[in-house]
Amino acid sequence: MPGQKREARLRARLTRASTSFLLGLIKTWMAGTSPAMTAVGHRGRLQIMTLPATFGIDTPGDAVRAAELRRVKLLATGVLAATFAIFLGAKALLPVHPVFGFIAAFAEAATIGGLADWYAVVALFKRPLGLPIPHTAIIQSNQQRIADKLGEFIEVHFLESAPVEAKLRQIDFGSFIADWLRDRKRSEDLARFALRLLPEAVAATENSGLMTFVSRRITAQLMAIDLAPLAAGTLRAFVKEGRHQGLLDDLLRGVHQMMTQAETMAMIREKIRAELPTLLKLYRADKFLVNKIVASATAFFEEVRNDPQHPFRGEFDRMVLTFVDRLGTDPAYAERIAGLKRDLLARPELTSLARHIWENVRTFFERSASGETQVLEQYLVRMFVKAGEALAGDAELRTEINQGLVAVMRTVVAEQKSGVSTFISDQVKSWDMGQLISLIEINIGRDLQYIRFNGSLIGGLAGLALYTLEYLLRLL
């Protein structure tokens with residue numbers, strides 16, 4: 001009959017609409033709110049995306065949702081059975097009164113709508129009644145495509161440079177670092193963590209040959225330094241500041257003290273006595289000469305020390321500057337200094353000293369790591385806390401840190417986003433889809449079951465409307 005054909009077409013359209021709606025819902029859920037993406041959104045770490053190949057339903061929330069899902073499934077099945085029973089009863093009572101025709105039409109359409117939506121919901125996850133019906137078990141059949149599309153979706157919509165940069169600029173990394181370091185407990189934990197790594201770092205440095213490489217590089221760099229111009233420049237600055245005059249005063253003072261000592265005077269006297277003729281020795285001329293020489297020298301020294309403008313100081317300036325000029329330009333001086341440098345670096349004592357210092361440093365690190373001494377740990381804690389306080393008070397530095405981290409992370413994301421897409425796709429392909437479907441059902445299956453209620457209600461109302469229209473047409 002025309003009415004029955006229209007009713008069948010309407011039910012078919014409702015079934016297709018329900019199926020399309022559910023397919024769009026599950027695809028959107030898989031693309032936007034999968035467990036991996038939820039974890040990434042809340043925690044912001046790539047490693048959270050690594051889901052295991054199997055899933056366990058062992059949390060209290062999952063158990064509650066599973067129980068609620070079973071309850072709603074039973075209720076939806078009960079509604080389907082009830083509408084079918086009402087349909088049979090109304091059909092049997094149709095000769096009694098025409099009103100049962102309306103009831104039968106409603107119940108029949110409700111049964112068909114509920115059955116169609118049951119089929120649509122089940123077809124998303126598995127094969128209805130285990131039958132190999134085409135276009136069923138949609139999620140399982142499209143695991144590879146879902147995996148590829150999920151990775152592509154995240155790469156295109158989540159990891160684009162503009163939204164990534166905009167999101168990163170909303171984060172105040174500098175303030176976070178400052179607050180983290182100012183917390184003494186966290187700084188203590190960081191210091192202990194760094195100390196635990198020190199012995200391993202030292203051992204790795206020794207075993208990898210890094211020490212030999214660094215030693216050779218340092219020696220090569222030292223040998224490459226031309227010390228003559230460096231020494232000349234240092235002495236020229238020394239003279240320019242007038243500090244050489246203080247050195248002259250100290251030198252004159254030292255010579256004066258040395259010459260006035262009894263031992264020095266006796267030595268000079270013996271030297272003069274050995275050079276004098278025998279006749280002069282009888283008159284003790286040596287003592288006279290020593291006293292005159294010492295007196296004259298000390299008087300000269302005092303005169304120079306007390307007179308900043310003494311001519312001798314000018315001569316000393318010219319002598320020192322001449323030496324500085326020769327030191328910077330004379331190849332002989334440069335070669336002599338280079339030879340001294342080579343001899344010094346080749347001394348075994350220097351190598352032994354460096355090894356001894358390194359041994360002491362390593363022992364100190366090991367003692368600090370074991371907690372035997374707290375000196376280094378306390379120093380690190382104070383350093384971290386002060387760094388946090390300084391960073392908290394320096395807005396310009398925090399801004400530079402934020403800009404630097406944004407630039408680095410933006411580049412990393414841009415370079416690695418294709419790898420992230422592949423990683424996510426591979427992860428999804430490796431999942432056990434049976435257990436994943438169970439997890440999806442537990443989380444959204446309850447809402448999908450309510451579609452069965454809606455299907456029964458909408459189908460029943462549609463069937464009732466069509467039956468009413470047909471009934472009115474018969475009366476005309």
Side-chain angles (χ1 to χ4, degrees), residues 7-35 54-57 61-88 106-147 149-150 428-429 431-463:
E7 180 179 356
R9 286 195 297 269
L10 179 59
R11 289 170 182 168
R13 285 196 296 268
L14 289 173
T15 300
R16 287 194 298 269
S18 300
T19 304
S20 300
F21 171 76
L22 291 176
L23 282 173
L25 177 65
I26 193 63
K27 289 178 182 177
T28 303
W29 184 88
M30 285 294 295
T33 60
S34 66
T54 58
F55 302 87
I57 305 171
D62 286 340
V64 171
R65 283 190 290 270
E68 180 65 15
L69 175 60
R70 289 191 296 269
R71 187 186 68 81
V72 176
K73 275 186 175 182
L74 290 175
L75 184 58
T77 303
V79 170
L80 182 60
T83 56
F84 183 66
I86 293 172
F87 165 69
L88 293 178
F106 177 86
E108 180 184 10
T111 301
I112 296 174
L115 188 61
D117 284 340
W118 165 84
Y119 174 86
V121 171
V122 172
L124 286 173
F125 303 104
K126 60 190 70 171
R127 299 192 182 279
L129 303 177
L131 300 175
I133 304 174
H135 305 295
T136 56
I138 295 172
I139 297 177
Q140 289 181 333
S141 302
N142 292 275
Q143 179 180 0
Q144 304 295 317
R145 187 168 60 87
I146 291 174
K149 290 299 180 180
L150 179 59
V428 176
K429 291 176 182 177
W431 290 347
D432 183 332
M433 291 304 291
Q435 290 189 331
L436 177 61
I437 287 172
S438 298
L439 184 63
I440 295 174
E441 278 194 296
I442 288 173
N443 285 275
I444 66 169
R446 180 174 177 271
D447 294 326
L448 294 178
Q449 294 302 316
Y450 277 106
I451 294 178
R452 294 173 61 186
F453 295 113
N454 295 336
S456 297
L457 178 61
I458 294 173
L461 293 176

*E108 side chain reached by I112 side chain, heavy atoms, under 4.5 Å*: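 When only atoms from C-beta onward are counted, E108 and I112 do touch, with a gap below 4.5 Å.
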Which atom names give the shortest non-hydrogen contact between [X] and [Y], and what distance separates them?
{"X": "V72", "Y": "F453", "answer": "CG1-CE1, 4.0 Å"}
{"X": "V121", "Y": "Q449", "answer": "CG1-NE2, 3.8 Å"}
{"X": "S456", "Y": "G114", "answer": "OG-CA, 3.3 Å"}
{"X": "A109", "Y": "G463", "answer": "CB-CA, 3.4 Å"}

Distance-only criterion, 3.5 Å: show the donor-acceptor pairs between side-chain atoms of residues 75-87 and protein atoms not counting sequence neighbours.
unit_1: T77; atom_1: OG1; unit_2: K73; atom_2: O; d: 2.9
unit_1: T77; atom_1: OG1; unit_2: R452; atom_2: NH2; d: 3.4
unit_1: T83; atom_1: OG1; unit_2: V79; atom_2: O; d: 3.2
unit_1: T83; atom_1: OG1; unit_2: L80; atom_2: O; d: 2.8
unit_1: T83; atom_1: OG1; unit_2: T111; atom_2: OG1; d: 3.0

*Apply side chain to side chain contact (heavy atoms under 4.5 Å, CB included) to I133 and list each qualifying residue two or more places apart in sequence or on a separate chain.*
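Listed in chain order: Y119, L131, T136.
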_Holding to side-chain hydrogen bond (donor to acceptor under 3.5 Å, both in side chains), I want the full list of residues that pass it with R71, two or more places apart in sequence or in another chain._
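With neighbours one apart ignored, the set is E68.
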*List for me each residue that meets salt bridge (Lys or Arg N to Asp or Glu O under 4.0 Å) alongside K126, sequence neighbours excluded, and say none if there are none.*
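Applying salt bridge (Lys or Arg N to Asp or Glu O under 4.0 Å) to K126 gives none.
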_Using 0.5 Å steps for rounding, measure from the CD1 atom of I444 to the CG atom of L124._
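Reported to 0.5 Å precision, the distance equals 8.0 Å.
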